[in-house]
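First up is the structure itself, then whatever we jot down about it.
Residue numbers start from 1 in every chain, and the chains themselves are labelled A, B, ... in the order their sequence lines are given, proteins ahead of strands. Please read all numbers here as calculations on a predicted model, not as lab measurements.
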Amino acid sequence: MDNEPTATKDEGFLSRMALNDNKAGMEGLDRDKINSIIMESSKGSKFYENELKKDQQVNQRIEKMMLQKARITQAQLKKAQAQVEKMTLALERSRDLSRVIVHVDMDAFYAAVEMRDCPELKTKPMAVGSMSMLSTSNYHARKYGVRAAMPGFIAKKLCSDLVIVPPNFDKYRAVSEEIREIFADYDPHFLPMSLDEAYLDFTEHLQQRQAWPESLRTHRYTEKENPTPKDIEAKKEEDLSPVLFEESPGSPPGLHGSKGANEGSELFGTCVEEAVREMRFRIEQKTTLTASAGIAPNMMLAKVCSDKNKPNGQYRLPPTREAVMDFMEDLPVRKVCGIGKVSEKMLNALGITKCSHLGQQMALLSLLFSETSCRNFMEVSLGLGSTRISRHEERKSMSIERTFKELSDAEEQFSLCRELCKDLAEDMKKEGLKGKTVSLKLKNVNFEVKTRAQTLPCAVAAEEEIFAVAKDLLKTEIDNEGPHPLKLRLMELPCTLQQPAGRAKRFSIFYSGGLRWIRRIR
DNA sequence: GCGGATCAC
DNA sequence: TATGGTGATCCGC
């Protein structure tokens, strides 16, 4: 009885295809209408058929899990419960509430940059990407259900007025550099997660900040000391920042002092919230773009918090066990970084929707999931996460992939493969790296994916060396397909890298005094 | 080590 | 007409 999901297949399938309202800016819209348009646009496509197939695989996984659950005895459960309790105690003892971790996230980053640079877009629903795929959308477009990772042609059906702007990555990278300079003032070892997002450890900054005079906590309304005529012109056109959002739930960073009254500058206090507000204020003054932030005792929590008052807001979770446990109580598991669509569906099948459920069901979970997953679930349920931010060391893999219109001719497939090898070899050369395992990933026109790999006795870096391996892998696949040709839509060449020897230099980047430094690690 | 899958951005 | 590219990790062989 309880291993039979009550949802129909269609309802279940929605979790994969339908509107993802996990993101901010999606509240109170007509979900049903949006979903029916999405389904209508997708139905019958190769992509849709493949998603259906993957969804059925997930359903089978869930069925298997439910069978396993049905076989669990009271004795097993009791034993597991004892272990879980022991583990919980150990984790509880390790709880560290002493660090102040901040997660910063730019609001609708790519879209906001485009709106900033093209005033006409400010009042329109718009997205950055192409008819095939959108990277992000502004908040006006989100009201129609238009979101990141949605193909543009479907977005157009949801919102016919949608303006789709092609991405300008060089511009986003430049803006990213600007905000990273500010991040560095608060934590020179901050951890960037992408162009628009980073984790910072504010602990040291706050210690120093307590002794800071007001002058160091005062920031001008614009950081541009010598505005160009173009800047002045821009100032005339708009007052300050673009009207990104009609209303913001959070706390805008520069509300307290008015421009004139305070000689064009703003004083910030010494507490965390003031420091973070100051950082967001400086970001807005420097880039005319807004950011949201979360403040918490660890990275897992800070990440969730940064989403809480998005856009243009911040949220602080106090560093007490009580506050943390209260916060986790009703938090949907899907909000936690690392729990995606599939994990959510599996947990839901067990009646687990909120993080507090994880804690209540740990004994059961420990019998159904791997040790790694379990440990993670347990930490999540207790509101635990990393309290130290460490920059990633050297990269572990490097890859290049390309999607194209159906490619069936073997000769063309080999020459494409060579192209990819050439590009990959170039990238590897740039970083002075060598590959240990060369892989070939193929996606056919039905969206089915296959990976083939070969590990080499000696690491390789040159185009010809890589191609020698990749060519063989491709040939095998073509031969295996028998008399029929491979009908490809994507080819990828992932390469796991030879880990640097002990003697090899290892560098990291850090920021200080507005400059970007390369530093040797240890 | 290999291949499939999941996840994040 | 049309559903991305890059990197990491985990699981079960």
Side-chain angles (χ1 to χ4, degrees), chain A residues 16-17 20 22-23 38 41-51 53-55 57-58 60-61 64 103 105-106 108-110 128-136 147-157 164 166-167 169 172 176 192-199 299 303 334-346 368-376 392-406 420 423-424 427 436-443 445-457 473 477 489-497:
Chain A
R16 177 174 285 279
M17 287 296 292
N20 175 2
N22 190 34
K23 282 272 177 201
I38 293 176
S41 317
S42 301
K43 220 166 255 183
S45 67
K46 303 275 191 189
F47 176 81
Y48 177 91
E49 295 301 323
N50 190 253
E51 289 299 296
K53 201 177 88 185
K54 285 198 281 184
D55 188 62
Q57 279 176 27
V58 171
Q60 280 180 14
R61 259 179 83 181
K64 229 172 99 182
H103 180 259
D105 195 347
M106 298 297 289
F109 186 48
Y110 298 172
V128 175
S130 68
M131 281 300 255
S132 302
M133 185 55 58
L134 302 181
S135 299
T136 186
R147 57 179 165 93
M150 174 182 279
F153 73 92
I154 292 183
K156 276 279 197 184
K157 290 187 181 172
I164 297 179
F169 285 108
Y172 312 145
S176 186
M193 298 304 291
S194 61
L195 291 182
D196 78 314
E197 205 186 309
Y199 288 96
M299 292 169 76
K303 167 89 181 155
R334 184 67 175 87
K335 290 281 183 187
V336 177
C337 191
I339 299 183
K341 285 178 182 184
V342 174
S343 303
E344 178 191 31
K345 196 169 173 178
M346 302 208 17
L368 295 176
F369 288 82
S370 73
E371 207 181 317
T372 314
S373 302
C374 264
R375 196 187 168 79
N376 184 242
H392 296 317
E393 311 93 31
E394 66 284 334
R395 61 155 80 222
K396 295 176 177 166
S397 73
M398 182 178 271
S399 69
I400 183 134
E401 84 181 64
R402 217 162 283 163
T403 296
F404 34 78
K405 265 183 61 186
E406 177 171 337
L420 292 176
D423 293 350
L424 184 63
D427 290 349
K436 198 165 171 307
T437 304
V438 175
S439 308
L440 177 72
K441 192 172 107 175
L442 304 174
K443 190 190 280 182
V445 291
N446 295 321
F447 289 85
E448 293 161 335
V449 177
K450 240 187 235 176
T451 309
R452 295 293 176 259
Q454 189 177 343
T455 300
L456 307 165
L473 295 171
E477 285 316 298
R489 84 179 322 272
L490 170 148
M491 191 182 292
E492 173 176 1
L493 277 179
C495 199
T496 71
L497 300 168

Nearest-nucleotide wise, let me know which of A:H103 and A:T455 is further upstream toward the 5' end of DNA chain B. A:T455
C:dT9 phosphate, OP1 or OP2: any side-chain N/O from A:K396 under 4.0 angstrom? yes
Work out how far the C1' atom of C:dG4 is from that of B:dC7, and round it to whole angstrom. 15 Å
Any idea which of C:dG7, B:dC2, C:dT3 is nearest the A:M398 side chain? C:dG7
If I take atom CZ in residue A:R395 and atom C1' in nucleotide C:dG5, what distance separates them, rounded to the nearest angstrom? 13 Å
Whole Å only: how far is the NZ atom of A:K46 from the P atom of C:dT3? 12 Å
Can you figure out which of B:dC2, B:dC9, C:dT3 approaches the side chain of A:S45 most closely? C:dT3
Taking the nucleotide of DNA chain C with the nearest heavy atom to each, does A:K441 or A:F447 sit closer to the 5' end? A:F447
Which nucleotide in C:dG7, B:dC7, C:dG4 has an atom nearest any side-chain atom of A:M133: C:dG4
Do A:Q57 and A:K53 pass the side chain to side chain contact (heavy atoms under 4.5 Å, CB included) test, and can you show the C-alpha distance, the side-chain angles, and the key distance before you say yes or no? CA-CA 6 Å; A:Q57 279 176 27; A:K53 201 177 88 185; 4.2 Å; yes
Residue whose closest nucleotide on DNA chain C lies nearer the 5' end, A:F47 versus A:I400: A:F47
Run the side chain to side chain contact (heavy atoms under 4.5 Å, CB included) check on A:E197 and A:K303 step by step: do they pass? CA-CA 10 Å; A:E197 205 186 309; A:K303 167 89 181 155; 3.1 Å; yes
Determine whether A:E401 and A:K443 satisfy the following criterion, salt bridge (charged side-chain N to carboxylate O under 4.0 Å, His left out), listing intermediate values before the conclusion. CA-CA 11 Å; A:E401 84 181 64; A:K443 190 190 280 182; 6.0 Å; no
Tell me, with the steps shown, if A:T455 and A:K436 meet side chain to side chain contact (heavy atoms under 4.5 Å, CB included). CA-CA 6 Å; A:T455 300; A:K436 198 165 171 307; 3.9 Å; yes
A:S397 side chain, from C-beta outward: closest of B:dG4, C:dG7, C:dG4: C:dG7
When the distance from CD of A:E406 to C1' of C:dT1 is rounded to whole Å, what number comes out? 14 Å
Base, sugar-phosphate or nothing for A:E197? Non-hydrogen atoms, less than 4.0 Å. sugar-phosphate
Test side chain to side chain contact (heavy atoms under 4.5 Å, CB included) on A:V128 and A:F109 and set out the steps. CA-CA 10 Å; A:V128 175; A:F109 186 48; over 6 Å; no
Looking at A:S373, does any N or O in its side chain come under 4.0 Å of the phosphate oxygens OP1/OP2 on C:dC10? no
Tell me: OH of A:Y199 to P of B:dC9, nearest whole Å? 7 Å
Answer yes or no: does a side-chain N or O of A:K436 lie under 4.0 Å from OP1 or OP2 of B:dG1? yes
Proximal nucleotide (of C:dT3, C:dT6, C:dG4) relative to the A:F153 side chain: C:dT3
Integer-rounded Å distance: B:dT6 C1' and A:R61 CZ: 8 Å
May I have the distance from A:M491 (atom CE) to C:dT6 (atom P), rounded to whole angstrom? 14 Å
Look at the side chain of A:R489 and decide which nucleotide, out of C:dA8, C:dA2, C:dT3, has an atom nearest to it. C:dT3
OP1 or OP2 of B:dC7 under 4.0 Å from side-chain N/O of A:S343: yes
OP1 or OP2 of C:dG7 sitting under 4.0 Å from any side-chain N/O of A:S399? yes
When the ring planes of A:F447 and A:F47 are compared, do they come out parallel, tilted or perpendicular, using 30° and 60° as the limits? perpendicular
Nucleotide B:dC7, atom P - distance to NZ of A:K335 in whole Å: 16 Å
Rounded distance in Å - CZ (A:R16) to P (C:dT3): 17 Å
Quick check: on DNA chain B, is the nucleotide nearest A:S194 upstream (toward 5') of the one nearest A:V58, or the reverse? Name the residue that is more 5'. A:V58
Remember a base hit wins even if backbone is also touched, and classify A:M150 as base, sugar-phosphate or nothing at under 4.0 Å, heavy atoms. nothing
Need one value for A:K54: base, sugar-phosphate or nothing, where a base atom within 4.0 Å counts as base even if backbone is also close, heavy atoms only. nothing
May I ask you to evaluate whether A:R452 reaches the phosphate of B:dG4, defined as a side-chain N or O under 4.0 Å from OP1 or OP2? yes
Short side-chain N/O contact to B:dC9 OP1/OP2 from A:K303, under 4.0 Å: yes
Give A:K341 one of three labels, base, sugar-phosphate or nothing, depending on what nucleic acid heavy atoms sit under 4.0 Å from its own. sugar-phosphate
Using a cut-off of strictly less than 4.0 Å, decide whether A:Q57 has a side-chain nitrogen or oxygen near OP1 or OP2 of B:dA5. yes
Taking 4.0 angstrom as the limit, do A:E344 and A:K341 come out as a salt bridge? no
